[in-house]
Undergrad: 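Shown below is the structure under consideration.
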Amino acid sequence: MKYKNTFTKADRLAIRWTNQLNDSDGSRDRARLDRLMLQALPDQWQTRAISAGVQNGIWTLYVNNGGDAYQLRFLAGEIEARLASLLPHPPTVKIQVNPGMRLQQGITVRPPATLYPKRYTDSEAESILQAFKESGLG
């Protein structure tokens, strides 16, 4: 004898409703607006800042630390000028520090790569410099 799950119909309805909510015009428009506004950021900031949305004409950007916030606030005028070229009614930019933003978004940040991961001895460094000088590039 086969048992029927009584929650199957409710589960299917719940899935259908959540899909309709996710596919609504409003959420698609917000996602499109976020993508468009992130294009106004300088290239190196597009992955270092997260849009928290627009509210009352203010676009809030989250950054990971105070140093990033300071640098991005310095560029706020340039960002607002780019927004003015992209949007008919551009919002003002507000930068906030949110150290847990990467964890909230599920983003793992790899540590930056180092240029010189190996420590050279004095003799190794001297031979590398000598080879560089002899190559004619230096």
Undergrad: Compare every heavy atom of Trp59 with every heavy atom of Ser51, then report the nearest pair and how far apart it is.
TA: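 Reported closest heavy-atom pair: OG-NE1, 2.8 Å.
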Undergrad: Can Leu87 be reached from Val93 by stepping across I, L, V, M, F, W or Y side chains whose heavy atoms are under 4.5 Å apart?
TA: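 Both belong to a single hydrophobic cluster.
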Undergrad: Roughly how far, to the nearest 0.5 Å, is the CG atom of Leu61 from the CG atom of Asp68?
TA: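 Those atoms lie 11.5 Å apart.
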Undergrad: Keeping the roles fixed (side chain from Arg48, backbone from Val63), state whether a donor-acceptor pair exists under 3.5 Å.
TA: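 It does not hold such a pair.
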Undergrad: Kindly check if the number of other-residue, nucleotide or ligand heavy atoms within 6.0 Å of CD (Gln55) is above 12?
TA: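 No, because the 6.0 Å sphere around CD of Gln55 holds 12 heavy atoms or fewer from other groups.
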Undergrad: List the atom of Val97, the atom of Asn64, and the distance in Å for their closest heavy-atom pair.
TA: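 That would be CG1-O, 4.0 Å.
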Undergrad: Grab the two heavy atoms, one from Leu83 and one from Pro91, that are nearest each other, plus how far apart they are.
TA: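 The answer is CD1-O, 3.8 Å.
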Undergrad: Side chain to side chain contact (heavy atoms under 4.5 Å, CB included) with Trp45: which of Leu38, Leu72, Ile79?
TA: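 It is Leu72, the one option of Leu38, Leu72, Ile79 that forms the side chain to side chain contact (heavy atoms under 4.5 Å, CB included) with Trp45.
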Undergrad: Grab the two heavy atoms, one from Lys94 and one from Ile58, that are nearest each other, plus how far apart they are.
TA: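 Looks like CB-CG2, 3.6 Å.
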Undergrad: Where is the tightest heavy-atom contact between Pro42 and Glu78, given as atom of each residue plus distance?
TA: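 Looks like CG-OE2, 4.3 Å.
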Undergrad: Decide yes or no on side chain to side chain contact (heavy atoms under 4.5 Å, CB included) for Asn98 and Ile50, but give the supporting numbers first.
TA: CA-CA 10 Å; Asn98 184 355; Ile50 293 177; over 6 Å; no
Undergrad: Under 3.5 Å, is there a donor on one side chain and an acceptor on the other for Glu134 and Gln130?
TA: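 Side-chain D/A pair, Glu134 to Gln130: present.
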Undergrad: Over all heavy atoms of both residues, which pair between Leu41 and Gln46 is shortest? Give the atoms and the distance, please.
TA: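 That closest heavy-atom pairing would be O-NE2, 3.2 Å.
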